[in-house]
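These numbers were taken from a predicted model, which means no experiment stands behind them. Computation of the quantities below employed the complete heavy-atom set of this structure, encompassing side-chain atoms and omitting hydrogens, waters and symmetry-equivalent molecules. Below, chains carry the letters A, B, ... as their sequence lines are ordered, and counting in each starts from 1.
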Number of protein chains: 2
Amino acid sequence: MAIPAQVEQTYQPLTESAAIELAYQLNLFKNDTVLESREIGDGNLNLVFHIVEKGKEKGVIIKQALPYAKVVGESWPLSLNRAVIEANALKLHGKYAPGLVPEVYYTDDTLAVTVMEDLSHLTIARTGLIQGENYPLLSEHVGQYLARTLFYTSDYALDPGEKKELAKKFVNPDLCKITEDLVLTDPFFNHDTNDFEDGLQEEVHKLWGDFLLKLEVAKLKKTFLTEGEALIHGDLHTGSIFASETETKVIDPEFAFYGPIGFDVGQVFANLLFQVITRPDENRAPIINHIETVWAVFREEFSRCWEQDGQDVFTKTEGYLDYVLEKIWKDSVGYAGCELIRRTIGLSHVKDLDGIEDEKSRLTAKKNTIRLGRSLILNREKISSIQAFKQEIAWFSQA
Amino acid sequence: MAIPAQVEQTYQPLTESAAIELAYQLNLFKNDTVLESREIGDGNLNLVFHIVEKGKEKGVIIKQALPYAKVVGESWPLSLNRAVIEANALKLHGKYAPGLVPEVYYTDDTLAVTVMEDLSHLTIARTGLIQGENYPLLSEHVGQYLARTLFYTSDYALDPGEKKELAKKFVNPDLCKITEDLVLTDPFFNHDTNDFEDGLQEEVHKLWGDFLLKLEVAKLKKTFLTEGEALIHGDLHTGSIFASETETKVIDPEFAFYGPIGFDVGQVFANLLFQVITRPDENRAPIINHIETVWAVFREEFSRCWEQDGQDVFTKTEGYLDYVLEKIWKDSVGYAGCELIRRTIGLSHVKDLDGIEDEKSRLTAKKNTIRLGRSLILNREKISSIQAFKQEIAWFSQA
């Protein structure tokens, strides 16, 4: 497809008018339509333009990667290649989990632009959950998404040669570094990227001195650095999920790379746990139920795909599926713990916790989050069932 | 450097005269020197020309990859890119383990040619060991080679971004497939690549029906498929080592890729074990001593490099080095078991075993090899020290 005349062949951030021009050029709207553009990105890493016909609600999304991370100023340069990775991950994940990711209409690698389905009729799950929504199908959909995207990009399903070529295509050093540093390293050390309130000083200093915990985090980081099990989303928090009563769409896979399956599952667990920890007692059940359902659906669908489409002859070997699921489970519990801690004291926070206005309640919630995180990391080998997991949650989710 | 006129810009197998012409063009010899060429490859995967000045012994080696594996006829095509991988691995490993790999003088990616140091004054370790040589420095050198090449290409030593770019460069699907199939799959199933003598029928059928063993092999294969710990050699048997009383050179890293560290260590163990199993009792001690020394030197040097050059902040965390070494050890024991089995009943055999002329002795040695292999795979979590390993060896190395 032709590049709009007013946009040059070298990278430059789009303006709202350039975004509109691009939409016209792609024939996504009739020529005589009057289009409006609004930049709706949260502005950390990308520009996001919502292009609609004047007076209509549904249009298209034009997402463009910025060459730096705004969250820490312009000083953290990021490869524009992540736009290519995101678009390719959306397409591949969409192939295996149809309906659960936005449709991609067009990509431009030079401009780091992806034009995709407008999901503005949906709500970001984190926002909705904080407002008390429960999204009854959320966990069923997310469990399906996890099972199918992760199984079908793994060596269990793919010819190992094909998997290796994919792994090469999705090598993603810049975005992995963000996770390696901000999720799996800095929060456990006195590092200047950390950000926590004074009331947590005591917890944080205990954490930094906790050599048992650090050893377990080192092991989880090693797994993240070295184990290419499947094409994982890499940033699967509730801010990367659009939801409604009937629909679920997983967005923003710019962190995608070949990594450990449990990292995705664990981030989902942790970001649901923020709701368990912060909701009033009487509203927790649907979220605990979501956690249970995510795992149950993941386990069931992953097993179904394994039986049906396992290509490796060892997928027929007694006990191997159980071993793989157990490994994914333990990793998930551990990474959930890391996510709980980093969102409390690391650079990037969540509104579930920071949005609690009452200081005492907020500090209690954050201390519980840190302690639950620690316990999940330390005891992940022992927390061998969803029942044990729920028991662990119960110990750390009351005031 | 210019390509010799008589060699075209597209790939074609070199003749002896073309190899000589290439040597002249590279100015590796004076123009008026009379050169002789002899093809000395074992002919499975590559042509190997030994180019010398008439009457001299030492010259250069010109190695050229063939586009197929001759071991199974021309029907198993292999990417010529493995020549690039081999040359790059030789250079990188040579940087970290100077003196322990041949020097590379020139590479041509189109012709899949590497011109390198002539090591014909040395003997292939397997051949020498079978003849009763002991090579007193072999294990010290191999331990150093393993520790340094594997540590310095790992995430412990490298910036994770740099490691990821290297991992991408060394993606090696064709050669990995050979290992995945011939070492880690086919021997454990009734597959037509297998090759074993009639006297082993009973053992082989027990092996194929052994679901406990298959589950453990599945786990080791998963580790091989997914765990990119370091740039491993990938084919480190005693046929890939040149030795003398004073020198050791590791050659042929065309299988190199980012894989589990224990795979290299395990192949060394196994190929020494063939000697333990096949030598007369009174000549075993030096080989058992080699196994012990390989591990002791590996452990010591890897630890020294870790303390001195560990870049990841977690390398300072109490217990992490022990965890990493323990993981490498268990993987090594398991992969040693796989190598023992596949060299006995799989496609590619070793002369240590097949060279035993007396049928009864040969069958006894092969049965012991299979049983030791099985025990190492099954019990690798329990065989937690070199003492336990030696005890295990003793159970299966007597007639």
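- Contacts with chain A were tallied for B:Asn172, B:Leu215, B:Thr223; B:Leu215 has the most, counting heavy-atom pairs under 4.5 Å.
- Neither the backbone nor the side chain of A:Phe257 comes within contact range of chain B; no heavy atoms are under 4.5 Å apart.
- For residues 227-234 of chain A, a heavy-atom distance under 4.5 Å to chain B picks out A:Glu227, A:Gly228, A:Glu229, given by residue number.
- Using a 4.5 Å heavy-atom threshold, the side chains of B:Asp155 and A:Glu180 count as separate.
- Between A:Leu225 and B:Pro160, the shortest heavy-atom distance links the atoms CD2-CB, 3.9 Å.
- Of the listed residues A:Lys214, A:Lys219, A:Lys327, the one with more heavy-atom pairs under 4.5 angstrom with chain B than any other is A:Lys219.
- Neither the backbone nor the side chain of B:Leu175 comes within less than 4.5 Å of any heavy atom of chain A.
- In this structure, chain A has no heavy atom under 4.5 Å from any part of B:Tyr258.
- Put simply, of A:Ala218, A:Cys176, A:Ser154, the one with the most heavy-atom pairs under 4.5 Å next to chain B is A:Ala218.
- Contact of B:Lys222 with chain A is made through backbone and side chain together, with heavy-atom distances under 4.5 Å.
- By the neighbour-count criterion of 12 heavy atoms within 6.0 Å, atom NZ of A:Lys316 is densely surrounded, having more than that number from other residues, nucleotides or ligands.
- What you find for A:Lys164 and B:Pro173 is that their closest heavy atoms are CD-CA, 3.8 Å.
- Interface residue B:Tyr320: backbone and side-chain heavy atoms are both found under 4.5 Å from chain A.
- Looking at residues two or more places apart in sequence or on another chain, you find a ring-ring contact (aromatic ring centres under 6.0 Å, His included) between B:Tyr156 and B:Trp306.
- Checking A:Phe189, A:Phe188, A:Phe211 one by one against B:Phe314, the ring pair (Phe, Tyr, Trp, His ring centres under 6.0 Å) holds for a single residue, A:Phe189.
- Residues B:Lys163 and A:Thr226 have side chains in contact (heavy-atom distance under 4.5 Å, counting atoms from C-beta outward).
- The existence of a salt bridge linking A:Lys221 and B:Asp312 is confirmed by a sub-4.0 Å separation between a basic side-chain nitrogen and an acidic carboxylate oxygen.
- Environment of NZ in A:Lys177: sparse, with no more than 12 heavy atoms of neighbouring residues, nucleotides or ligands closer than 6.0 Å.
- The part of B:Thr317 that comes within reach of chain A is its side chain, from C-beta onward, which places non-hydrogen atoms under 4.5 angstrom from that chain.
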